[in-house]
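Contents: one structure, followed by commentary.
Chain A is the first sequence line, chain B the second, and so forth, proteins listed ahead of strands; every chain is numbered from 1.
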Number of protein chains: 2
Amino acid sequence: MADSDTQPSVDKPNRVRTITDLAKIAGVSPGTVSRALSGNSLVNTKTREKIEAIAREHGFRPNQMASKLRRQKTGVIGVAIPLGHDVRQQISDTFFMTLLGHLADELTERGFDIMLRRVIPAQDEDWLDRFIGSGMIDGVIVVGQSDQFDRIEDVADGYLPMVVWGNHQEGQRHCVVGTNNRLGGKLAAEKLIAAGARRLAFLGDTQPIEFAARFAGAKEVAEKMGVSIRALPTHLSRDQTSEEIAEHLSNIEGEIDGIFAATDTIAVTCLKELRDRNINVPAQLKIVGFDDLPISSQTVPPLTTVRQDIAAGAKGLADLLLRRLAGEDTESLVLPPHLIVRDSA
Amino acid sequence: MADSDTQPSVDKPNRVRTITDLAKIAGVSPGTVSRALSGNSLVNTKTREKIEAIAREHGFRPNQMASKLRRQKTGVIGVAIPLGHDVRQQISDTFFMTLLGHLADELTERGFDIMLRRVIPAQDEDWLDRFIGSGMIDGVIVVGQSDQFDRIEDVADGYLPMVVWGNHQEGQRHCVVGTNNRLGGKLAAEKLIAAGARRLAFLGDTQPIEFAARFAGAKEVAEKMGVSIRALPTHLSRDQTSEEIAEHLSNIEGEIDGIFAATDTIAVTCLKELRDRNINVPAQLKIVGFDDLPISSQTVPPLTTVRQDIAAGAKGLADLLLRRLAGEDTESLVLPPHLIVRDSA
DNA sequence: CGCACGATTGCAATCGTTTGCAATTTCGCT
DNA sequence: AGCGAAATTGCAAACGATTGCAATCGTGCG
């Protein structure tokens with residue numbers, strides 16, 4: 001493809017694009033320019049200043065690709081978001097997006113760039129190997145295990161600089177940061193029961209490992225307390241959710257007096273549906289959510305929920321990854337959930 | 001730094017890391033391997049299959065850095081989020097995050113990767129040049145003009161593959177995608193007035209260009225209709241917002257009967273504060289928001305708001321950028337806002 | 001005045017892949 | 001069997017920055 005005039009190389013006759021061009025102008029060798037610009041090695045102060053001046057004047061920036069190729073490191077952290085269970089749970093999902101935001105803040109502060117990759121495992125068998133092996137990133141953060149637990153485990157042995165957001169399981173090999181979901185589930189169930197509920201339901205998909213753990217925790221408490229609990233499966237994408245929840249609510253009308261929602265997003269939708277049906281929360285039905293999203297304090301009634309500390313999670317992910325980048329084999333980090341009592345239970 | 005044993009090169013004695021290694025095994029030249037793997041050029045089918053087999057067997061992936069360096073294109077789109085007016089408006093802001101999510105979906109679908117960069121212009125004069133000149137990205141999408149309108153304009157002339165999310169101004173040179181904020185402001189004011197409000201207030205920061213346009217639109221309508229309107233400045237970060245809004249509400253108690261919030265996020269917080277004060281919406285005070293975030297339909301009362309079509313915006317950004325990448329000098333895209341009438345006005 | 005040593009700088013190989021051009025092989029056809 | 005065109009493959013020069021090693025410059029000191 002002849003792209004001779006695609007680039008705006010016309011404005012300045014012979015623009016300084018390479019370190020060699022600059023060297024020619026400065027009357028030194030490329031090596032010296034490289035040293036002067038990278039700052040760390042020994043260059044005569046006068047020479048350095050001259051080179052820096054010329055660089056500034058011509059708006060020169062060393063080509064990162066070449067630099068990275070030569071130095072075999074990129075300064076880029078890959079962030080992969082696998083969309084396993086529910087492809088329609090786009091990455092626009094509130095929780096993930098918030099986590100990503102904090103992650104961006106943390107990593108940027110430490111001088112790393114972020115390469116974002118949304119991946120659909122069903123369509124791309126070895127997404128993780130591909131990402132890692134691409135040579136474009138120094139390390140990878142996987143946000144959410146989705147249904148890819150095994151694949152992640154496979155990779156973990158041979159590749160140190162990887163940290164995963166998700167659930168921790170006894171004896172797993174990959175380094176994970178996440179909330180103690182099981183404990184969170186317990187807190188939720190205990191609260192519902194303490195508030196007087198006796199016939200519980202878990203509202204949400206029980207397939208994803210995190211949600212399964214939440215359900216398991218709740219179930220354990222319920223059984224110990226002699227209270228019934230059942231799962232009402234739901235998808236995550238917004239449009240379906242509403243209808244599914246509506247249907248569930250019709251089915252369980254009067255049979256259930258306490259709902260543990262897998263997610264605040266689900267809980268909020270549920271709250272809305274209940275209001276439409278004139279079911280009073282918490283008098284007739286108690287609800288506890290999970291996440292403590294910003295919305296959750298603004299609902300009517302304000303949502304009682306199990307808080308995940310997203311900021312701390314992001315910080316943990318970044319910290320651990322950086323230590324692994326330095327060669328350390330770190331332990332997983334399991335964060336404690338906190339029950340935030342508001343008015344819905 | 002001697003990192004001889006940092007890498008796990010021990011597991012497989014002599015791993016296939018380069019195309020040359022693979023070529024040696026296959027008994028062909030590196031060039032042939034490159035052609036076979038890239039798929040597009042002419043290679044004997046049998047040779048290709050053999051090479052592919054060996055590649056698969058050894059889990060070989062061509063080094064992207066080298067490839068990108070040689071081909072002078074990266075397959076990466078930079079997404080910059082300038083945090084100008086309010087550094088504490090972290091990129092975890094709901095609207096931007098949602099836009100980013102859709103953007104990720106769009107670009108990924110078209111085979112591009114995303115390099116995310118959060119940037120604080122106040123701390124980094126030439127963030128945009130640096131990003132563009134880094135050689136790491138083929139094009140850039142700037143999410144939000146913030147207070148960087150001029151800098152963006154400066155760059156626009158010399159650099160084609162850039163598209164910006166934001167407000168469109170008569171005669172500007174950079175390609176922008178965004179909602180017609182002024183029109184949106186008009187719709188909001190018209191609705192408030194139609195609902196019976198006569199003393200309006202605009203709740204939000206009027207500095208950012210998008211918000212200024214919204215306010216201007218509302219003001220135009222208000223003045224034409226002989227209705228008063230005033231601005232109540234607010235910041236964007238959540239913690240401050242609540243208090244600021246509370247203070248404003250105390251000050252204006254009884255003097256205002258219609259609020260146009262710069263953002264749904266602000267509107268939602270405002271709704272909550274009003275509820276705490278037992279001010280009935282919409283009877284005593286009418287509210288219209290802006291954005292139509294997912295939350296907005298779930299509030300009590302559900303929020304009347306001006307909808308921005310985020311998905312369409314993301315698609316527009318991606319489309320235009322790709323056309324610019326191909327050398328076309330595209331026009332800006334201004335999307336129409338839609339008034340979504342619910343119960344708050 | 002000559003030598004040695006430290007401070008700078010230049011040289012050239014290297015990172016791993018792509019690709020224009022030329023050489024070689026394969027085939028079809030007469 | 002022989003010739004030419006078409007199909008494959010090999011060769012080697014890029015892409016642009018980094019860095020170990022060696023060469024050069026300058027200066028202090030005997």
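For A/Arg35 against C/dG10, a side-chain-to-base donor-acceptor contact under 3.5 Å is present. Side-chain to base pairing of B/Arg71 with D/dG16: no donor and acceptor N or O lie closer than 3.5 Å to each other. Judged by distance alone, with hydrogens and angles left aside, A/Arg70 brings a side-chain donor or acceptor within reach of the base of D/dT18, the pair sitting under 3.5 Å.
B/Asp126 contributes no side-chain N or O that, together with a main-chain N or O of B/Asp129, makes up a donor-acceptor pair within less than 3.5 Å. Checking side-chain atoms of A/Glu153 against main-chain N and O of A/His174 turns up a donor-acceptor pair under 3.5 Å. With A/Asp113 contributing its side chain and A/Val76 its backbone, the two residues share no donor-acceptor pair below 3.5 Å. The backbone N or O of A/Arg324 sits nowhere less than 3.5 Å from a side-chain atom of A/Thr330 that would complete a donor-acceptor pair. With hydrogens and angles ignored, the 3.5 Å screen pairs no side-chain donor or acceptor of A/Gln145 with any backbone N or O of A/Val164.
Contact check, A/Ser34 against D/dT18: a side-chain N or O comes under 4.0 Å of OP1 or OP2. Remark: A/Ser38 is not in phosphate contact with D/dT18, judged by side-chain N or O atoms under 4.0 Å from OP1 or OP2. For D/dG16, one of the phosphate oxygens OP1 or OP2 lies less than 4.0 angstrom from a side-chain nitrogen or oxygen of B/Gln72.
Per the geometry, CD1 belonging to B/Ile51 stands 13 Å off P belonging to C/dT17, to the nearest Å. We find that CG of B/Asn44 is positioned 5 Å from P of D/dT9, with the value rounded to whole Å. Per the geometry, CD1 belonging to A/Ile19 stands 5 Å off P belonging to D/dT18, to the nearest Å. Rounding to whole angstrom units, NZ of residue B/Lys73 and P of C/dT17 are separated by 19 Å. The distance between atom NZ of B/Lys46 and atom P of D/dA7, rounded to the nearest whole Å, is 18 Å. Per the geometry, NZ belonging to A/Lys68 stands 10 Å off P belonging to D/dT18, to the nearest Å. If you take CG of B/Asn63 and P of C/dT14, they are 17 Å apart, rounded to a whole angstrom. In this structure, NZ of A/Lys50 is placed 12 Å from C1' of C/dT9, rounded to the nearest angstrom.
Fit an axis to the five pairs at each end of the helix from C/dC1-D/dG30 to C/dT30-D/dA1 and the two axes sit 50° apart, to the nearest 10 degrees.
With hydrogens and angles left out, the side-chain atoms of B/Thr108 and A/Arg118 include no donor and acceptor closer than 3.5 Å. Between B/Trp127 and B/Gln148, the side chains place a donor N or O and an acceptor N or O closer than 3.5 Å (distance only, hydrogens not considered).
For the pairing with A/Ile77, the side-chain contact (heavy atoms from CB on, under 4.5 Å) check across A/Ile137, A/Leu317, A/Ile141, A/Val163 returns one residue only, A/Ile141.
If B/Leu69 and B/Thr45 are placed on DNA chain D by their nearest nucleotide, the residue sitting closer to the 5' end is B/Thr45.
DNA chain C lies under 4.0 Å from at least one heavy atom of each of the following residues of residues 20-33 of chain A: A/Gly27, A/Val28, A/Ser29, A/Thr32.
Between A/Lys315 and A/Asp319 there is a salt bridge, since a side-chain N of the basic residue sits under 4.0 Å from a carboxylate O of the acidic one.
Taking the side chain as every heavy atom from C-beta outward, B/Lys73 and B/Lys68 never approach each other to under 4.5 Å.
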